[in-house]
Amino acid sequence: MATTAGVYRNGNYSRNSLSTNNNKVEKPLSVNSNPKNSLKSKSLPGSGLRKSAPPSLGAAKDDTGAVRLRPRNEEEMVADADFADCVELQPEVKRLKLRKNNWDSDTYEFDEVLTEFASQKRVYEVVAKPVVESVMDGYNGTVMAYGQTGTGKTYTLGRLGEEDTAARGIMVRAMEDILADVSLETDSVSVSYLQLYMETIQDLLDSTNDNISIVEDPKSGDVSLPGASLVEIRNQQSFVELLRIGEAHRFAANTKLNTESSRSHAILMVHVKRSVKGRDSILSSENGNNSHMAKGLKPPIVRKGKLVVVDLAGSERIDKSGSEGHTLEEAKSINLSLSALGKCINALAENSAHIPIRDSKLTRLLRDSFGGTARTSLVITIGPSPRHRGETASTIMFGQRAMKVENMLKLKEEFDYKSLSRRLDIQLEKLIAEHEKQQKAFENEIERVTTEAKHQILESERNHAVELEKERLNYQKEYMESIKKLEEKWMMNQQKHAGGENAAGLKDESSNWISNGEDSRVANMEELSEMKKKLQKETLLRKAAEEEVNKLKSQLAELKKLGSQITIPLMYKASAKSDISKLQKMLEDEACQKEKLEGEITVLQSQLLQISFEADETARRIDNGGSENVPGSLDSLLSQVRQPQTNDLGNGEKSSIAKLFEQVGLQRILSLLEVEDVDVRIHAVKVVANLAAEETNQKKIVEAGGLKSLLMLLRSSEDETIHRVAAGAIANLAMNETNQELIMSQGGIRLLSMTAGGAEDPQTLRMVAGAIANLCGNDKLQMKLRGEGGIKALLGMVRCRHPDVLAQVARGIANFAKCESRASTQGTKNGRSLLIEDGVLPWMVQNANNEASPIRRHIELALCHLAQHEVNAKDMISGGALWELVRISRDCSREDIRTLAHRTLTSSPTFQAEMRRLGIDYQ
């Protein structure tokens with residue numbers, strides 16, 4: 001907050017409100033001041049030393065510190081009727097006077113002074129609108145209200161204004177401006193609404209999500225809440241509905257100072273993602289005529305801004321508010337968090353070397369708002385009553401100190417490769433569709449041409465057959481006509497020469513007839529030769545037709561022959577009937593045998609159901625009774641060191657399992673793991689898991705092939721319960737070093753990694769993580785376990801975020817780090833840690849100070865083992881682990897870990913040099 005803040009007392013201007021004699025006017029700290037004395041070069045703890053600011057960074061010179069006066073309420077009008085207001089506002093010179101008595105007052109200066117008559121629109125325009133505009137340009141921004149309970153903070157920020165639109169608060173008006181300035185086609189707006197209640201972050205949009213963790217980037221120091229609901233906003237009505245839902249879930253109570261006093265800090269986070277327009281056209285004009293493809297491959301630029309609106313719960317004095325019981329505890333929590341915020345503001349205003357940012361979750365959430373990279377506007381709300389002058393003075397002093405803090409704005413701009421990918425995908429789909437369209441058109445054209453050719457061929461063949469038939473008929477007709485003519489001529493000649501008139505005449509006539517006969521004979525011979533030619537041609541055509549008919553007849557005969565071969569001869573029907581009767585008899589025998597086996601399976605199933613029921617009852621009694629170590633239960637994974645004695649609660653389950661073991665036998669039990677009935681398999685694997693919990697049974701199970709059967713279940717079964725219980729049984733077997741080598745040799749780590757990748761149930765992940773954690777403790781299996789994905793599987797299971805799963809993951813990492821440390825000390829391993837190479841270190845640093853003690857203890861031990869070897873020191877320094885080692889050496893609850901961390905830091909030259917460079921005094 002780089003705004004001038006001055007104090008007037010008795011007419012004298014002073015920078016310190018606690019001094020009345022200093023009349024020297026000091027200039028406020030500006031951007032051109034000496035950087036050694038400016039807070040703009042300081043960052044909050046955990047982010048490391050700040051490097052020189054890039055061009056996207058700038059000092060927030062326009063941050064606003066405003067004060068707003070609430071008008072008197074009905075109670076104050078009656079109780080304070082004879083007294084003047086304790087404050088006097090001078091908005092024209094942006095000052096206010098706080099009366100000490102009738103003749104003396106203190107004067108303070110703010111960026112904006114808002115009287116009790118200031119409208120909600122005026123408050124938004126001077127306090128929040130500049131911040132909203134910065135958020136739209138790609139910066140982070142914060143608007144925060146601070147003040148005594150009942151002074152109008154929630155009214156200023158969160159008023160919905162459904163009855164009177166003029167009463168709309170900053171939240172509603174800010175969203176109106178954001179939605180008016182974004183394009184819903186290319187931009188996005190999403191909202192999270194949270195409350196900090198009794199040091200617990202709760203989701204106001206999802207009442208079941210009541211314990212959200214804060215995640216900090218170890219390198220940049222940025223704070224995020226991945227567990228919070230993130231709702232995309234498309235219109236103003238949906239946003240107002242979300243605010244109404246959030247206000248309904250927020251805690252409030254009736255006190256003497258306020259009938260609806262907020263008992264939690266409300267935090268609204270608005271994430272704005274905007275595409276930057278106009279850059280592509282500018283670049284294309286500068287570069288000349290570029291190709292369309294090159295222009296299309298340029299990724300668009302996206303700016304991400306975040307607006308945080310913080311409605312702090314009001315500070316209160318217990319004697320005035322009358323809080324008691326649970327309300328008193330709420331008031332204590334509120335005052336503690338506000339006190340922590342005040343300490344951070346004081347430290348930043350005084351340029352202190354240490355900023356107590358981790359004293360409260362409120363300060364961790366607001367680390368970017370004060371002394372960070374966000375543009376921040378603060379509005380403090382006060383009341384006029386002289387009865388609360390002390391609270392009013394405290395609020396004003398908080399605002400004065402906060403105005404001295406200077407932030408460094410940082411533009412958040414990045415390339416939108418996802419948008420480019422989507423655009424290229426659309427372009428590729430268009431090209432593919434166009435290619436498919438052209439291909440289909442080409443295929444259709446080929447099909448059309450082929451069809452036309454076939455039609456033309458058929459038409460030609462049909463025309464040719466018709467012409468042949470016509471020609472044949474013509475030849476036949478001509479032949480018949482010629483024969484008929486010859487017959488007629490012969491008949492006529494016969495009639496002419498039937499009798500003779502006289503001998504001479506007969507002789508003359510005979511000679512004439514012979515000569516005429518010779519002539520006709522010659523003509524007839526010519527006609528006959530011509531007819532023979534026609535007959536030969538007709539004979540050739542008939543032969544071609546007969547050959548085609550014969551060919552068709554031969555094909556028909558072959559088809560009939562093939563059909564006769566397929567048909568079963570009558571002589572074989574009797575033998576086939578006898579074979580069928582034999583098969584029916586065999587099927588009946590098999591059915592009888594199956595009924596016997598099903599009877600045996602039913603008996604075994606009933607026994608298994610009884611045992612499983614007794615085991616479940618025993619586990620339930622154990623959970624209710626608070627016992628943790630019961631031999632034979634699958635929860636033996638939770639206690640890595642089993643008690644040597646057995647309690648009475650496990651005797652019934654052990655006797656039932658022993659009875660089943662004696663009656664049925666291990667081989668029969670293991671055979672049930674392969675039946676198709678899922679319930680039988682579940683009960684069978686539960687019995688095997690309970691047997692595997694006893695060390696005396698483990699060797700028998702392995703020798704009988706139980707380990708192989710359990711691994712087979714992980715590979716073939718899709719049932720989540722079978723996966724969970726089988727993984728628990730493998731975890732029990734993995735406590736033995738010999739079994740660990742067998743598990744690895746049979747591909748157990750790959751199967752466990754596959755099971756972990758596909759599981760969502762926390763209990764299944766806990767069992768799998770426990771099995772891998774046991775394998776991590778074997779020195780001989782380090783390289784093979786890492787090569788088959790064991791470390792990656794452990795790191796992948798942290799997605800569950802369940803404390804029990806995280807505890808098993810941390811235990812596995814600690815076992816692996818311990819074995820690595822032992823191997824390095826013995827000289828059998830060189831080079832940096834495999835855990836660092838597989839990317840485990842950032843997760844370890846992030847969870848080194850986890851609230852769950854089992855997780856924290858294992859990670860602290862793993863960090864100490866990694867730090868014992870100098871080759872890992874540089875990676876640990878760059879990953880932020882040095883700070884955690886310093887904390888462990890000072891604050892760890894276990895003395896052995898604390899001593900190990902101290903010895904490691906003092907014996908490492910690399911750590912010593914880095915601590916001297918950072919100015920850490922460590923002995």
Side-chain angles (χ1 to χ4, degrees), residues 218-219 734 737-738 740-745 747-750 752-753 769 772-796 798 809-848 857-886 888-889 896-918 922:
K219 294 184 179 180
E737 184 174 355
T738 304
Q740 291 174 356
E741 297 177 359
L742 289 174
I743 292 172
M744 292 295 294
S745 65
I749 192 66
R750 284 195 298 271
L752 290 171
S753 301
I772 298 177
N774 290 339
L775 295 174
C776 286
N778 193 318
D779 297 343
K780 304 175 184 177
L781 307 177
Q782 294 272 294
M783 295 302 297
K784 187 171 183 181
L785 186 141
R786 187 251 186 154
E788 295 185 3
I791 299 177
K792 293 290 186 182
L794 281 177
L795 192 59
V798 303
V809 172
R811 184 173 69 87
I813 292 173
N815 288 344
F816 197 93
K818 183 178 180 181
C819 291
E820 273 195 332
S821 176
R822 188 159 51 236
S824 298
T825 303
Q826 296 172 356
T828 59
K829 181 186 181 303
N830 297 319
R832 64 175 186 164
S833 170
L834 299 178
L835 293 173
I836 296 177
E837 291 183 358
D838 280 359
V840 181
L841 184 60
W843 182 81
M844 295 170 64
V845 173
Q846 181 180 341
N847 291 272
R857 183 177 69 252
H858 288 308
I859 294 179
E860 289 174 347
L861 186 59
L863 287 174
C864 291
H865 284 307
L866 291 179
Q868 283 184 310
H869 302 282
E870 196 70 13
V871 71
N872 299 327
K874 290 184 179 180
D875 291 309
M876 297 186 72
I877 291 172
S878 62
L882 176 58
W883 296 101
E884 295 300 333
L885 287 172
V886 174
I888 293 169
S889 66
D896 55 342
I897 300 178
R898 191 167 62 248
T899 304
L900 181 59
H902 177 77
R903 185 170 65 249
T904 301
L905 289 173
T906 55
S907 62
S908 171
T910 305
F911 287 146
Q912 287 291 321
E914 181 67 15
M915 287 190 290
R916 285 194 299 270
R917 189 181 71 83
L918 295 175
Y922 191 86

**Item:** With sequence neighbours excluded, residues passing side chain to side chain donor-acceptor pair (under 3.5 Å) with Asp896
**Value:** Arg894

**Prompt:** side chain to side chain donor-acceptor pair (under 3.5 Å) with Ser889: which residues, sequence neighbours excluded?
**Reply:** Tyr922

What's the spacing between [X] [atom1] and [Y] [atom2] if we round to 0.5 Å?
| X | Y | atom1 | atom2 | value |
| --- | --- | --- | --- | --- |
| Phe911 | Met876 | CZ | CE | 5.0 Å |
| Leu861 | Leu900 | CG | CG | 7.0 Å |
| Thr910 | Met915 | OG1 | CE | 10.5 Å |
| His869 | Ser908 | NE2 | OG | 11.5 Å |
| Ile749 | Leu781 | CD1 | CG | 9.5 Å |
| Glu914 | Leu905 | CD | CG | 12.0 Å |

Check [X] against [Y] and note the closest heavy-atom contact, atom names and distance.
| X | Y | result |
| --- | --- | --- |
| Cys864 | Thr904 | O-OG1, 4.1 Å |
| Leu794 | Ala769 | CD2-O, 4.2 Å |
| Ala793 | Ile772 | CB-CD1, 4.1 Å |
| Gln740 | Asn774 | NE2-O, 3.3 Å |
| Leu863 | Ala881 | CD2-CB, 4.3 Å |
| Leu775 | Ala734 | CD2-CB, 4.2 Å |

**Prompt:** salt bridge (charged side-chain N to carboxylate O under 4.0 Å, His left out) with Arg750: which residues, sequence neighbours excluded?
**Reply:** Glu788

**salt bridge (charged side-chain N to carboxylate O under 4.0 Å, His left out) partners for Lys784, two or more places apart** = none

**Of all pairs that satisfy salt bridge (Lys or Arg N to Asp or Glu O under 4.0 Å), the ones with a partner from residues 816-828, not counting sequence neighbours** = Asp779-Arg822

**Prompt:** Do any pairs count as a salt bridge (Lys or Arg N to Asp or Glu O under 4.0 Å) and have a residue in residues 867-885, sequence neighbours left out, and if so which ones?
**Reply:** Arg832-Asp875, Glu884-Arg887

**Item:** Residues Ile813, His858; criterion side-chain contact (heavy atoms from CB on, under 4.5 Å); working and verdict
**Value:** CA-CA 8 Å; Ile813 292 173; His858 288 308; over 6 Å; no

Treating [X] as the side-chain partner and [Y] as the backbone partner, does any N or O pair qualify as donor plus acceptor under 3.5 Å?
| X | Y | result |
| --- | --- | --- |
| Asn872 | Leu866 | yes |
| Ser821 | Ala817 | no |
| Asn778 | Lys780 | yes |

**Asked** With the threshold set at 4.0 Å, does a side-chain nitrogen-carboxylate oxygen contact exist between Arg857 and Glu860?
**Response** no

Heavy-atom side-chain contact between [X] and [Y] under 4.5 Å:
| X | Y | answer |
| --- | --- | --- |
| Gln868 | Thr825 | no |
| Trp843 | Val809 | yes |
| Met744 | Leu785 | yes |
| Ile791 | Leu835 | yes |

**Message:** Checking Thr906 against Gln912 for the side-chain contact (heavy atoms from CB on, under 4.5 Å) test, could you report, in this order, the C-alpha distance in whole Å, the side-chain angles of both residues, the deciding distance, and whether it holds?
**Reply:** CA-CA 7 Å; Thr906 55; Gln912 287 291 321; 4.3 Å; yes

**Audit row: Leu834, Met783, side-chain contact (heavy atoms from CB on, under 4.5 Å) steps and yes/no** = CA-CA 9 Å; Leu834 299 178; Met783 295 302 297; 3.7 Å; yes

